[in-house]
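Below, each value reflects all heavy atoms present in this structure, side chains not excepted, and no hydrogens, waters or symmetry copies. Residue indices begin at 1 and follow the sequence shown.
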Amino acid sequence: MPAPPANARLTIDRAAIAANWRAFAAASRPAACGAAIKADGYGLGAREVAATVTAAGCRDLFVAHWAEVVALGPQPDGVRIAVLHGVMPQEMAVARASPAVPVLVTPGQVTAWKPTGRPCDVMIDTGMNRLGIAPDDALSGLLDGLTIDTLHGHLACAETPEHPLNAQQLARFVDIVARIPARRRAFANSAGVALGADYLFDLTRPGLGLAGAGVAPGSTPLAPVLALAARVIQCRTIPAGATVGYGATFTARRETRVAVAAIGYADGYVRALSNLGVARIDGITCPAAGRVSMDLTAFDVTDAPPLTEGDWLAIDFDIPAVATATGRSQYELLTGLGDRYQRDYR
């Protein structure tokens, strides 16, 4: 039995993804520019994002887990996949059989990988204190015998250019990579590219920026990538003084037409957009009326052209603007987009 049509739609502009990657590639030169496509391509679909950026010239892809390598499927010749979380004991068999390489992040992973004799990447912890080999361990002889393709670092505060930790981490990375043989060095994520030439090294790893979010690498804004729409399940007219939704947080000031749309926080349309979100009909602004619930959000469509049940509402979801309005991370908003959308790629 075929699946019924979805009641929420996520439209993804592949040309915009490609344009954003090219912007980071231009800003990264002479370094090569890769693409982080973990978390299902930051919610946009890892296979589709990978196909888009590799067609644009990208030759380095980064994921978090080995299961994400399997989900990507075969890649074009010359495209390299690196797994940022390294390799756990239970993943070793899959990793050994895979053309992808681990980014080793603990001394234990280094010890376990050495007998394979295969190339790898290594993450150096320069002060984020999350994943990575401590500098003292890296210089202790631990890495001797490894064939290291790329030495990585990761910035903790790249989105805050004035933060002193950026320069501190850079100095630590410069010092340690000068003493460890490797083919390449990689330090900058999307925001790191915008910090300038000192942070570029040999390879960059933009991720969030490919989705049109975060910090642009130059003076030209990033291209918007996604658009949301939801189908109207019910239309109703309520009198002045009536309330809408859980907690009765919206009270109609006049007779009000309300459209209840099939989108809610289970779809990543976050509850913080209650009485704050916006839909549009023929360019007319229709504010959210009441709380966003799990599966539904109501909008005040009184001033909009007539619509009927089953019609589509365009839902404003500009990632930087929504992040500012709600206090949510742009990463969280993107990766929180649920799996109930019909995903249309164009």
Side-chain angles (χ1 to χ4, degrees), residues 6-21 23-24 34-56 58 61-73 75 81 83-85 159 189-191 205-216 221-231 261-273 277-279 292 294-295 297 314-346:
N7 288 319
R9 186 167 59 215
L10 173 57
T11 301
I12 297 160
D13 188 337
R14 284 181 168 177
I17 294 172
N20 291 335
W21 182 82
F24 280 99
I37 56 169
K38 58 186 180 173
D40 196 26
Y42 288 66
L44 301 180
R47 276 186 177 240
E48 291 77 9
V49 174
T52 300
V53 297
T54 55
C58 178
L61 301 176
F62 300 94
V63 298
H65 303 291
W66 290 94
E68 294 178 321
V69 177
V70 175
L72 275 178
Q75 295 299 307
I81 304 174
V83 181
L84 292 166
H85 293 183
E159 293 174 344
N189 59 0
S190 296
R205 305 182 307 258
L208 180 70
L210 305 182
V215 182
L222 294 169
V225 167
L226 63 89
L228 296 185
R231 203 184 297 274
I263 190 169
Y265 56 76
D267 307 294
Y269 193 71
V270 294
R271 198 166 182 261
L273 288 168
V278 170
V292 174
M294 183 182 295
D295 312 298
T297 303
I315 309 293
D316 278 14
F317 204 71
D318 176 79
I319 295 294
V322 172
T324 298
T326 64
R328 299 294 186 98
S329 158
Q330 295 186 45
Y331 297 89
E332 178 186 359
L333 292 170
L334 267 171
T335 59
L337 295 170
D339 60 5
R340 298 193 293 191
Y341 292 101
Q342 170 187 319
R343 280 174 162 76
D344 292 339
Y345 295 90
R346 60 181 178 87

Nearest heavy-atom neighbours spanning [X] and [Y]:
X      : Y      : value
Pro320 : Ala213 : CG-CA, 4.3 Å
Leu222 : Gly214 : CD1-O, 4.4 Å
Val83  : Ala64  : CG1-O, 3.3 Å
Leu333 : Ala323 : CD1-N, 3.5 Å
Asp295 : Ala266 : OD1-CB, 4.3 Å
Leu226 : Phe317 : CD1-O, 3.8 Å

To the nearest 0.5 Å, tell me how far [X] [atom1] sits from [Y] [atom2].
X      : Y      : atom1 : atom2 : result
Leu337 : Tyr42  : CG    : OH    : 14.0 Å
Tyr345 : Asp13  : OH    : CG    : 12.0 Å
Arg14  : Glu48  : CZ    : CD    : 5.5 Å
Ile81  : Gln75  : CD1   : CD    : 4.5 Å
Ile319 : Arg328 : CD1   : CZ    : 12.0 Å
Leu72  : Arg47  : CG    : CZ    : 7.0 Å

Is the shortest side-chain heavy-atom distance between [X] and [Y] below 4.5 Å?
X      : Y      : answer
Thr52  : Trp21  : no
Thr297 : Ile315 : no
Glu332 : Thr326 : no
Leu44  : Leu210 : no
Leu208 : Asn189 : no
Val49  : Ile12  : no

So, [X] side chain and [Y] main chain: donor-acceptor pair closer than 3.5 Å or not?
X      : Y      : result
Ser190 : Gly207 : yes
Asn20  : Ile17  : no
Asp40  : Ala46  : yes

**OP:** Might you work through the side chain to side chain contact (heavy atoms under 4.5 Å, CB included) test for Asp344 and Leu10, ending with a clear yes or no?
**Re:** CA-CA 6 Å; Asp344 292 339; Leu10 173 57; over 6 Å; no
**OP:** Check the angle between the aromatic planes of His85 and His65 and answer parallel, tilted or perpendicular using the 30° and 60° thresholds.
**Re:** perpendicular
**OP:** Evaluate the criterion side chain to side chain contact (heavy atoms under 4.5 Å, CB included) for residue pair Tyr265 and Leu273; output intermediate values, then yes/no.
**Re:** CA-CA 9 Å; Tyr265 56 76; Leu273 288 168; over 6 Å; no
